[in-house]
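To start, the structure itself, in structure tokens.
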There are 2 protein chains.
Amino acid sequence: MKRVFLKDIAKKLDVSIATVSLALNGNIKLGRISDELIAKIKQTALEMDYQPNVIARSLRSGKSNIIGLIVADISNPFFGTLAFFVQEYAAQKGYSVIIGNSNEQTSKLQNSIKSLKSQPVDGLIIVPTENCEEFLAPYINKKFPIVLVDRYLPSLEVSHVVIDNQDAAYKATRILIDKGCTRVALLIYKNNQTHMIERKEGYRKALTEAGCFNPNLIKEINYLDIKNDVSLAIRELISSPSSIDGIFFASNSLSTHGFSALYKRNKSFSSDFCISCFDKHDALDILPLNIPYVHQPIEEIGRQSVDLILNLIEGHNDIKKIKLSSKIVID
Amino acid sequence: MKRVFLKDIAKKLDVSIATVSLALNGNIKLGRISDELIAKIKQTALEMDYQPNVIARSLRSGKSNIIGLIVADISNPFFGTLAFFVQEYAAQKGYSVIIGNSNEQTSKLQNSIKSLKSQPVDGLIIVPTENCEEFLAPYINKKFPIVLVDRYLPSLEVSHVVIDNQDAAYKATRILIDKGCTRVALLIYKNNQTHMIERKEGYRKALTEAGCFNPNLIKEINYLDIKNDVSLAIRELISSPSSIDGIFFASNSLSTHGFSALYKRNKSFSSDFCISCFDKHDALDILPLNIPYVHQPIEEIGRQSVDLILNLIEGHNDIKKIKLSSKIVID
DNA sequence: ATTTGTTGCTAAAACGATTAAGTTATATCT
DNA sequence: AGATATAACTTAATCGTTTTAGCAACAAAT
């Protein structure tokens, strides 16, 4: 019951290895094999349960049929779900996926890329970290296939798949305004990445239009000290003389800690206080408020990322920048 | 700036390819190279930024240095976290990880295994699905390296890493009894897998000891129709004449839907009603109850799984069955 | 009758690494 | 001095595919 190779099929049918290979891969232009022989070879391959040796094929072709996916944190359900769909869709296209983590740190992103490149992957779908441009630029310049996802890097000409974050944040803020809120706070990560900048801008735009933008209500949270920072921010916001009447949490991890901090400070989740947030969250079903959230089309993001990276891998060098729209959902 | 191979280093230093390979891999027993030359070759390799071609190496050695991890659902934070640690620890040992999903279905597990095996992986860490024994047995018999995780298959002699589910469930039920609950319900998946059987047994044991075991309070949920089933179960439990005073949710997905169903049925989350559950959950911080939960040592599970699979890959054929303990946490 | 074309197949190189089995040249031993 | 050992390196085979180039046989065209 040992593994079957082309050699074994060739021996059995008393033909050459090349003939078997050509018959199975059916590139009619090159060598030509008679229809009968092709049929016989295919039949025998089936009977003997021939499985091509992917590694030998890779060595010959210079392609591994593996793509790398580097996310910020695979234990975060948003990235977990993205990984799920990327994996599903890539499998359909005959590719495997190796996942790496950056933990939002450029140094760890660097390690992941190096380790994946040496594996080696044919291309990378990357959730870029803050200030990773300098490190990524050489790969881009060398035309190594890279697609950014979730965020992009304005200074680099790279394909990416993102959502319209400004629009999403605008809608999420607007829904609070429409409910009558005038003092709406924003909890957002303190960083210079596109998704955060755009979410902040959407928030600002909605409130400015409504004539009640107040920059003091923006609380910027440090990713590495999220629990503490969110807790402090919530305390400040709640204990301020003219208290807030709404909060927009600009990411799922911020709302996780935000909800917890609000609860611990005994802030009554009553209807005179409105919340909106990014991404579906387990607590949304529990809280005695109908909390609207931005629903990102994760499956679509995954599918498009795979499409783009496969496009690059196949040698089409056109850069595509895809911006998907999202909608507000109220369960 | 094209890729550097052994050939290039050899040409530059006017030595043979074999010499370069031997110098870099330093297998002193085989060919011997003078210390000076070794130093010079290593230096040059560094300068030229030589990266070994993993595929060529794999073809020669018959090893890919990739392990496959097949989980039930990578978008579930428990498995996401497990994947995170498996990946981290495997990377430390020089292995990459390819992740597959089974969605708790044996047919999808089958697809994942086939696709990963053809990639090919050196070994597989698998979260087994219900009734997958028949499909898995041939691989086990052929000594293909497999480690089961989270659950095991009593009928197959395979290495595994699980937690002591009976003990965990016993403790989680016991804590409710100690709070004074006498009518404690169990929400659990309807299947014949070890982790569920053992959790049910732990629950039964605790309540029997306390003299208040009532099989009617066990609600078995269908994984594929979880939302509906949980909702129905909660309704039955709450509206029964002699209502329950506690629930133990035997998995994180069950508690997610359970909390939601309880909330929607306006069940007051008051202190005369106690809950315990499996795994940390975002809603735990929010609910106005101190809900104890079973904290699984996910990092340890990941590390041990990797250790076992690498052991098998390296040819040590001993089967190890590891049962880790978990603790109850009250935040 | 020679050229040209077509069909059906095979030989052999290539992908880039590892490694068993030499081959020198020098050192050591009797 | 001659035999033997050892140090330092190289040659060439190998892993399993893919694919280029070529061979032989026969057909068609000039």
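Below, read A as the first sequence line, B as the second, and so on, with proteins coming before strands; counting in each chain starts at 1. Just so it is clear, the structure is predicted and the values come from calculations on it, not from any experiment.
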Taking atom [atom2] of [N] as reference, at what distance in whole Å does atom [atom1] of [X] sit?
X: B:Ile55; N: C:dC15; atom1: CD1; atom2: P; result: 14 Å
X: A:Leu13; N: C:dT10; atom1: CG; atom2: P; result: 10 Å
X: B:Lys40; N: D:dC9; atom1: NZ; atom2: C1'; result: 13 Å
X: A:Leu22; N: C:dA11; atom1: CG; atom2: P; result: 13 Å
X: B:Asn25; N: D:dC9; atom1: CG; atom2: C1'; result: 16 Å
X: A:Ile33; N: C:dC9; atom1: CD1; atom2: P; result: 6 Å
X: A:Ile17; N: D:dC15; atom1: CD1; atom2: P; result: 10 Å
X: A:Arg3; N: D:dC15; atom1: CZ; atom2: P; result: 14 Å

Describe the nucleic acid contact of B:Val54 in one word from base, sugar-phosphate, nothing, applying a heavy-atom distance below 4.0 Å. nothing

Hey, is the side chain of [X] poking within less than 4.0 Å of OP1 or OP2 on [N], counting only N and O atoms?
X: B:Ser34; N: D:dC9; value: yes
X: A:Tyr50; N: D:dG16; value: no
X: A:Arg32; N: C:dT7; value: yes

Residue [X], side-chain atoms from C-beta onward, closest of [options]:
X: A:Thr19; options: D:dT10, C:dG16, C:dT10; value: C:dT10
X: B:Leu59; options: C:dG16, C:dC9, C:dT19; value: C:dG16
X: A:Leu37; options: D:dT17, C:dC9, D:dT10; value: C:dC9

Any ring pair (Phe, Tyr, Trp, His ring centres under 6.0 Å) pairs touching residues 122-147 of chain A, not counting sequence neighbours? A:Phe135-A:Tyr139

Identify, with sequence neighbours excluded, every residue that meets side-chain hydrogen bond (donor to acceptor under 3.5 Å, both in side chains) alongside [X].
X: B:Ser96; value: A:Gln119
X: B:Ser16; value: B:Thr19
X: B:Ser21; value: B:Asn25

Should the pair A:Glu88-B:Lys108 be classified as a salt bridge under the 4.0 Å nitrogen-to-oxygen rule? yes

Carboxylate-amine/guanidinium contact B:Glu314 B:Lys63, below 4.0 Å: no

Please compare B:Arg57 and A:Val20 by the position of their nearest nucleotide in DNA chain C and report the one closer to 5'. A:Val20

Taking for each residue the nucleotide of DNA chain D with the nearest heavy atom, is it B:Ala18 or A:Ser21 whose nucleotide lies nearer the 5' end? B:Ala18

Quick one, which residues of residues 5-12 of chain B touch DNA chain C with a heavy atom under 4.0 Å? B:Phe5, B:Leu6

Does anything in residues 34-44 of chain A form a side chain to side chain donor-acceptor pair (under 3.5 Å)? List the pairs, not counting sequence neighbours. A:Gln43-A:Glu47

